[in-house]
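Atoms within each ligand, like the ligands themselves, are counted from 1 in listed order. From a predicted model like this one, the values you see are computed outputs, not experimental measurements. FYI, side chains are in, hydrogens and waters are out, and symmetry mates aren't considered; it's all heavy atoms of this structure.
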Amino acid sequence: MVFPEYRPRRLRQNATFRAMIKETRLSTDQLVYPLFIMPGKNVRDEVPSMPGVVRISVDQLAREAKECISLGVNAVLLFGLPENKDAMGSGAHVKDGIIQRAVKELKNRAPQLLVITDVCLCEYTDHGHCGCIIGNEVDNDATIEILAKTALSHAQAGADMVAPSDMMDGRVAEIRGVLDENNFDSIPIMSYAVKYASSFYGPFRDAAECTPQFGDRKSYQMDPANSREALREATLDVDEGADILMVKPAVAYLDIIKQLKDEFDLPVAAYHVSGEYAMIKAAAEKGWIDGEKVMEETLISLRRAGADIIITYFAKEMAGLLRRGSHC
Ligand code: PBG
């Protein structure tokens, strides 16, 4: 049937029709809010390039957790800034490290909040790379042992799920093995399966103080030009025991989200990263776009592409909008 018999506008003529035929929905259940944890007390330090995002000390976590839960955001992803950095990133897996303390605090104060920990070394190494350096290279096999120790220490502190973001080969299997050996076989792994060497991470690197001091991350993160390689990376992580596959960044990689959704039967997560957040905030501040509407359109596009879970600095703001019922 074609025009004039068929008129697609018939089903767009009022809000009830539009709601009835809506194909994709956003819910706070799908949102994960990233948190940056700082040493010290009473720290609430706004990240200049990420308006609305604060880096907080452990004592502020109860307040933050309460706010998230009251908005219906039930999951957080933790990043830590340690007191001291060294060449091997050893602060990542010490028992009383920043993340380990943060996890314990959250689990004590807000047990129902799902605590996911980012597992990587870049915040903990003095050179800012995601692994330890042996010779002139980020050494894969030595790094995955440290990552597994780190994941184990997070699980021991009480984390509900670990999320390795380093892009070393074989790290999912290594982490799974160590968790299982230590009776943490119920802790899932959300793998940053497809993580591109992206310039959209700029504001995060300011926030987490993890800009590489030399070189770049191209020897371990993926080339933005590649999509078949994304399928290979995801296949490996599935075989190694990943429970959730993540794509990062999100908006410039909607095709990758869609491919992972079509090819695999695991849940797919999309990380709407710092630069993607900052661009919307900056344009909105200038009055060039309606920030709230662009936020919503962006997040729904990730769902439409196939993301089951969305990690976003907008989580609280989007949850507020959903709660007010003023979303489109
Ligand atoms: C650590 C890590 C990064 C991000 C998440 N985990 C930075 C990087 O790889 O350089 C970026 C998140 C963001 O930009 O919001 N490896």
Side-chain angles (χ1 to χ4, degrees), residues 31-37 47-55 76-82 85 89 91-92 98-99 116-125 127-133 138 140 143-144 146-147 150-151 154 161-169 171-172 175 189-224 233 244 246-253 269-282 295 298-299 302 307 309-316:
L31 302 177
V32 177
Y33 188 55
L35 289 176
F36 298 101
I37 323 294
V47 183
S49 51
M50 301 174 75
V53 173
V54 287
R55 310 191 298 179
V76 292
L77 173 62
L78 304 187
F79 295 94
L81 284 88
K85 301 181 189 240
I98 186 91
I99 286 297
I116 312 167
T117 55
D118 185 86
V119 177
C120 191
L121 301 185
C122 65
E123 297 102 325
Y124 302 88
T125 53
H127 45 70
H129 277 288
C130 300
C132 58
I133 310 270
V138 176
N140 193 86
T143 299
I144 61 176
I146 306 174
L147 291 166
T150 303
H154 293 176
M161 176 153 76
V162 293
S165 70
D166 51 283
M167 287 303 279
M168 299 298 124
D169 296 332
R171 92 278 205 205
V172 172
I175 291 172
I189 300 176
M190 174 162 72
S191 168
Y192 289 66
V194 185
K195 177 172 174 181
Y196 287 94
S198 170
S199 299
F200 286 104
Y201 307 148
F204 174 95
R205 291 184 189 169
D206 294 338
E209 296 169 9
C210 67
T211 306
Q213 299 303 302
F214 60 89
D216 52 38
R217 301 212 203 286
K218 289 183 186 161
S219 78
Y220 40 102
Q221 298 180 349
M222 278 179 50
D223 183 340
E233 277 285 1
I244 297 173
M246 194 203 295
V247 175
K248 177 181 172 190
V251 179
Y253 300 89
Y271 196 143
H272 186 250
V273 301
S274 56
E276 301 180 276
Y277 174 84
M279 289 195 305
I280 296 176
K281 283 288 176 192
M295 162 183 78
T298 301
L299 300 182
L302 305 181
I309 300 161
I310 298 174
I311 300 152
T312 174
Y313 304 97
F314 278 125
K316 290 195 295 188

Sub-4.0 Å atoms of ligand 1 with respect to non-hydrogen atoms of [X]:
{"X": "Arg205", "answer": "8 (C), 10 (O)"}
{"X": "Asp118", "answer": "6 (N)"}
{"X": "Cys122", "answer": "1 (C), 16 (N)"}
{"X": "Tyr271", "answer": "12 (C), 15 (O)"}
{"X": "Cys130", "answer": "16 (N)"}
{"X": "Tyr313", "answer": "12 (C), 13 (C), 15 (O)"}
{"X": "Lys248", "answer": "2 (C), 3 (C), 4 (C), 5 (C), 6 (N), 11 (C), 12 (C)"}
{"X": "Lys195", "answer": "1 (C), 2 (C), 3 (C), 6 (N), 8 (C), 9 (O), 16 (N)"}

Counting only heavy atoms closer than 4.0 Å, does ligand 1 sit against the backbone of [X], its side chain, both, or neither?
{"X": "Phe79", "answer": "side chain"}
{"X": "Arg217", "answer": "side chain"}
{"X": "Asp166", "answer": "neither"}

Quiz item: cation-pi between Lys248 and Phe200, 6.0 Å / 45°: no
Is the cationic atom of Lys195 (NZ for Lys, CZ for Arg) positioned less than 6.0 Å from the six-membered ring centroid of Tyr201 and within 45 degrees of its normal? yes
Starting from atom 14 (O) of ligand 1, which protein heavy atom do you reach first, and at what distance in Å? Ser274 OG, 2.7 Å
For atom 12 (C) of ligand 1, what's the nearest protein heavy-atom neighbour? Residue, atom name and distance, please. Phe204 CD1, 3.3 Å
Gln221: heavy atom below 4.0 Å from ligand 1, yes or no? yes
Do any N or O atoms from the side chain of Tyr313 and from the backbone of Ala278 form a donor-acceptor pair under 3.5 angstrom? no
Between Glu276 (side chain only) and Val251 (backbone N and O only), is there a donor and an acceptor less than 3.5 Å apart? yes
If you look only at distance, which donor and acceptor atoms sit under 3.5 Å apart when one is on a side chain in residues 202-216 and the other is two or more places apart or in another chain?
| residue | atom | partner | partner atom | Å |
| --- | --- | --- | --- | --- |
| Glu209 | OE2 | Arg55 | NH1 | 3.2 |
| Gln213 | NE2 | Thr211 | O | 2.9 |
| Asp216 | OD1 | Lys218 | N | 3.0 |

If you measure only the distance, is there a donor-acceptor pair under 3.5 Å linking the side chains of Tyr192 and Asp118? yes
Which pair of heavy atoms, one from Thr117 and one from Leu77, lies closest together, and at what distance? C-CD1, 3.9 Å
Met167 and Met222, any side-chain heavy atoms less than 4.5 Å apart: yes
Parallel, tilted or perpendicular: which describes the rings of Tyr271 and Phe79, with under 30° parallel and over 60° perpendicular? tilted
